Colleague: 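Okay, here's the structure, questions in a sec.
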Amino acid sequence: MGDDLNIEPHFYRHANGPIWRRCATKVFYGATAWALFATATLQAAPQAAHVAHKAPPTKAAVSISDPVKTYGTKGAPITLELFTDYECPICRSFYENTLRSLINDYVAAGKVYIVHHDYPLSMHPYSGQAARWADAAATVGEFGSAEGALYDNQDKWAANGNIAPFLAQAMPHSDFEKVAAIMKDCTTPAPQVTMSNVDPLAKSGHSCPVDPSIAKDIEVGYKANVNATPTYIIYHNGQKIAQGSSYVSWPIFRQFLDSILSQ
């Protein structure tokens, strides 16, 4: 059970040779998923959980707070860094069937801290604009509401790029007005994943206030060799344990987290 979903990947080439940038095409279940995690755990080299990355310069016209795209508390024993594309079907499945349960259970219990990174792929025409809306919402404390609305309504807004109505329904009107004000100047092409030697802001310019946040996430993904969405990097007490990509069901993901917490 669990084969290719026939989502066509995009292929890019950079100075160090070929590299895939794609929406994950595999769904793993049961023993297959457990083997995937076990292999990643054995092969992952320990390293510091967080690496400082300098944000690209910005000349945005609107002054905003830094987007907060995290769930839980930093003191949790497990940190999960997650790279996703809001227009990626596998990312939606992972969010709705695994991540929501993780947030409601292990994050709420203080076991896991989730750090979200935008990784909008160019194979999805509205992925960058969706990341803009999510980051704008994150500046007013509504990231969770925006993320849920984007995934729950993915089929609808992905048809034409009309994202605003779904976020308007997901948060208080006063907050949405602030988000819409931020998005007013976001008329240039949004940052997207292309090649690691290309500035993510090359086409977007500096008019959209949240673009530097998206560009920073993309560059973090390049340095972490993120080649597909969703990708998750798991740390335990500051040490890297595993890195994987694709959909994994909540029971299997929970089993792997429990194995880490029992160490």
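The shown structure was predicted, so the numbers you read here are calculated from the model rather than taken from an experiment. Heavy atoms only: backbone and side chains are in, while hydrogens, waters and symmetry mates are out.
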Colleague: Taking all non-hydrogen atoms of both residues, which atom of L82 and which atom of F94 are closest, and how far apart?
Modeller: CD1-CE2, 3.9 Å

Colleague: Looking at C88 and H124, what are the two nearest heavy atoms and their distance?
Modeller: CA-CE1, 3.6 Å

Colleague: Run the numbers on Y71 and E147 for side-chain hydrogen bond (donor to acceptor under 3.5 Å, both in side chains), then give the verdict.
Modeller: CA-CA 12 Å; Y71 295 98; E147 184 175 40; 2.5 Å; yes

Colleague: Where is the tightest heavy-atom contact between L102 and F253, given as atom of each residue plus distance?
Modeller: CD2-CE2, 4.2 Å

Colleague: Check whether the side chains of S207 and D185 place a donor and an acceptor atom closer than 3.5 Å, and report yes or no.
Modeller: no

Colleague: Any sub-3.5 Å donor-acceptor pair from T188's side-chain atoms to S204's backbone N or O?
Modeller: yes

Colleague: Under the rule for side chain to side chain donor-acceptor pair (under 3.5 Å), what residues qualify as partners of D155, not counting sequence neighbours?
Modeller: R92

Colleague: Strictly by disulfide bond (SG atoms under 2.5 Å apart), give each pair with a member in residues 137-169 just once, sequence neighbours left out.
Modeller: none

Colleague: With sequence neighbours excluded, tell me which residues meet side chain to side chain donor-acceptor pair (under 3.5 Å) with T98.
Modeller: none

Colleague: Which disulfide bond (SG atoms under 2.5 Å apart) pairs, counting each pair once, include a residue from residues 99-203, with sequence neighbours left out?
Modeller: C186-C208

Colleague: Show me, pair by pair, the donor-acceptor contacts under 3.5 angstrom made by side chains of residues 104-111, not counting sequence neighbours?
Modeller:
unit_1 : atom_1 : unit_2 : atom_2 : d
N104   : ND2    : R100   : O      : 3.1
Y106   : OH     : D258   : OD1    : 2.5
Y106   : OH     : D258   : OD2    : 3.2

Colleague: Would you kindly confirm whether V68 and I114 end up in one hydrophobic cluster when ILVMFWY residues are joined by side chain heavy atoms under 4.5 Å apart?
Modeller: no

Colleague: Which heavy atom of G128 sits nearest to which heavy atom of I214, and what is that distance?
Modeller: O-CD1, 4.2 Å

Colleague: Please report whether the ring centroid of F83 lies less than 6.0 Å from that of Y232.
Modeller: no

Colleague: Mind listing the side-chain donor-acceptor pairs of residues 166-184 below 3.5 Å, one per line with the distance, residues two or more places apart or on another chain?
Modeller:
unit_1 : atom_1 : unit_2 : atom_2 : d
H173   : NE2    : E177   : OE2    : 3.0

Colleague: So, do Y126 and Y86 have ring centers that fall under 6.0 Å from each other?
Modeller: no

Colleague: Is there a donor in the side chain of Q192 and an acceptor in the side chain of S127, or the other way round, less than 3.5 Å apart?
Modeller: yes

Colleague: Under the salt bridge (Lys or Arg N to Asp or Glu O under 4.0 Å) rule, what pairs show up with a residue in residues 200-215, not counting sequence neighbours?
Modeller: R132-D211

Colleague: Considering all heavy atoms of both residues, which atom of L150 and which atom of A134 are nearest to each other, and what is their separation?
Modeller: CD1-CB, 3.9 Å

Colleague: Flag yes if more than 12 heavy atoms outside D152 fall under 6.0 Å of its CG atom; otherwise flag no.
Modeller: yes

Colleague: Suppose we screen for side chain to side chain donor-acceptor pair (under 3.5 Å). Which residues come up paired with E87, at least two apart in sequence or across chains?
Modeller: none

Colleague: Restricting to side chain to side chain donor-acceptor pair (under 3.5 Å), what partner residues turn up for N237, sequence neighbours left out?
Modeller: none

Colleague: Not counting sequence neighbours, list each pair that qualifies as a disulfide bond (SG atoms under 2.5 Å apart) and has a residue in residues 110-166.
Modeller: none

Colleague: Testing T84, D135, T70 for side chain to side chain contact (heavy atoms under 4.5 Å, CB included) with H116, which one passes?
Modeller: T84

Colleague: Closest approach of L201 and A215, non-hydrogen atoms and distance?
Modeller: CG-CB, 3.8 Å

Colleague: Provide the full list of salt bridge (Lys or Arg N to Asp or Glu O under 4.0 Å) pairs with a residue in residues 116-129, sequence neighbours left out, each pair given once.
Modeller: K69-D118

Colleague: Going from CG on N225 to CG on N227, what distance comes out if it is rounded to the nearest 0.5 angstrom?
Modeller: 6.5 Å

Colleague: Could you list the residues that satisfy ring-ring contact (aromatic ring centres under 6.0 Å, His included) with Y95, not counting sequence neighbours?
Modeller: Y151

